[in-house]
Amino acid sequence: QVQLVETGGGSVQVGDSLTLACVSSGRVFGNYAMGWFRQAPGAEREAVASISWGGVRTLYLESVEGRFTISRDSTKDTLYLQMNNLKAEDTAVYYCAGTTDGYATLKPSDYSYWGQGTQVIVSS
């Protein structure tokens, strides 16, 4: 049984940084692409970033490119999202997700496994 557990959310100020982590269990983490999604109140879930199985290829939502960095450590079965220069519009519940192949993708339908989410609140 695949499990994804996110940590690292919290309340910060505009311009601050935050790092989210997602620990994976139940399968060989390094074989699959992973992603981060977010959902703000009243909005649809949107893809934030994705990383291929080996970490070579990354994809980003345009509004976070240059501010967020997705990475993975297969020795720790952990996915990360480093978020810098946070803005109020980054406020959302952030979800870790896993695919069943190795290719980075921003399509929610390509993901089969989801974490429970971690709240990020950015205030001015």
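Sequential numbering from 1 along the given sequence is applied to the chain's residues. As the structure is a prediction and not an experimental result, all values here were calculated from the model.
Residues Val120 and Leu20 have side chains in contact (heavy-atom distance under 4.5 Å, counting atoms from C-beta outward). A 4.5 Å side-chain heavy-atom check between Thr19 and Leu81 finds every atom pair outside the cut-off. Taking 4.5 Å as the limit, some side-chain heavy atom of Ser17 sits within range of a side-chain heavy atom of Gln82. Side-chain atoms of Asp16 and Val122, non-hydrogen and from C-beta on, never get closer than 4.5 Å to each other.
Side-chain atoms of Ser52 come within 3.5 Å of backbone N or O of Arg57 as a donor-acceptor pair. The main-chain N or O of Ala104 is never found under 3.5 Å from a side-chain atom of Ser50 such that the two would form a donor-acceptor pair. For Arg45 (side chain) and Gln39 (main-chain N/O), no donor-acceptor pair under 3.5 Å exists by modelled atom type.
From Met34, atom CE reaches atom OG1 of Thr78 across 9.5 Å, with rounding to the nearest 0.5 Å. For the atom pair CG (Asp90) and CG (Leu61), the distance works out to 9.5 Å, reported to the nearest 0.5 Å. Once rounded to the nearest 0.5 Å, the distance linking CD1 of Ile121 with CG of Leu18 reads 11.0 Å. Of the inter-residue distances, the one linking Ser123 atom OG with Gln13 atom CD reads 4.0 Å to the nearest 0.5 angstrom. Rounded to the nearest 0.5 angstrom, Cys96 SG and Leu79 CG are separated by 5.0 Å. Put simply, CG on Leu59 and OH on Tyr103 are 13.5 Å apart, with the number rounded to the nearest 0.5 Å.
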Item to check | CA sep, side-chain torsions, deciding dist, call: Ile51, Val56, side-chain contact (heavy atoms from CB on, under 4.5 Å) | outcome: CA-CA 7 Å; Ile51 187 167; Val56 173; over 6 Å; no
Item to check | Residues Tyr111, Thr105; criterion side-chain contact (heavy atoms from CB on, under 4.5 Å); working and verdict | outcome: CA-CA 9 Å; Tyr111 289 81; Thr105 173; 3.7 Å; yes
Checklist entry - After noting the C-alpha distance and the side-chain angles of Leu86 and Val14, does the key distance pass the side-chain contact (heavy atoms from CB on, under 4.5 Å) rule? => result CA-CA 5 Å; Leu86 282 160; Val14 169; over 6 Å; no
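Judged by distance alone, the side chains of Asp110 and Thr99 never bring a donor and an acceptor atom under 3.5 Å apart. Residues Gln116 and Glu6 bring a donor and an acceptor atom of their side chains to less than 3.5 Å of each other.
Between Ser112 and Thr100, the shortest heavy-atom distance links the atoms OG-CG2, 3.5 Å. For the residue pair Ser74 and Asp77, the shortest heavy atom distance occurs at O-OD1, 3.2 Å.
Considering Tyr80, Trp36, Phe29 as possible partners of Cys22, the one that fulfils the side-chain contact (heavy atoms from CB on, under 4.5 Å) test is Trp36.
In this structure, Tyr113 has its ring center no closer than 6.0 Å to that of Tyr32.
Cation-pi contact between Arg72 and Trp53: absent, since separation from the ring centre below 6.0 Å together with deviation from the ring axis within 45° is not met. Relative to the six-membered ring of Tyr95, Arg38 misses at least one condition, a distance below 6.0 Å or an angle of at most 45° to the axis.
In the hydrophobic clustering of ILVMFWY residues, with side-chain heavy atoms under 4.5 Å counting as a link, Val12 and Val64 come out together.
Ring planes of Tyr94 and Phe68: tilted class, angle from 30 to 60°.
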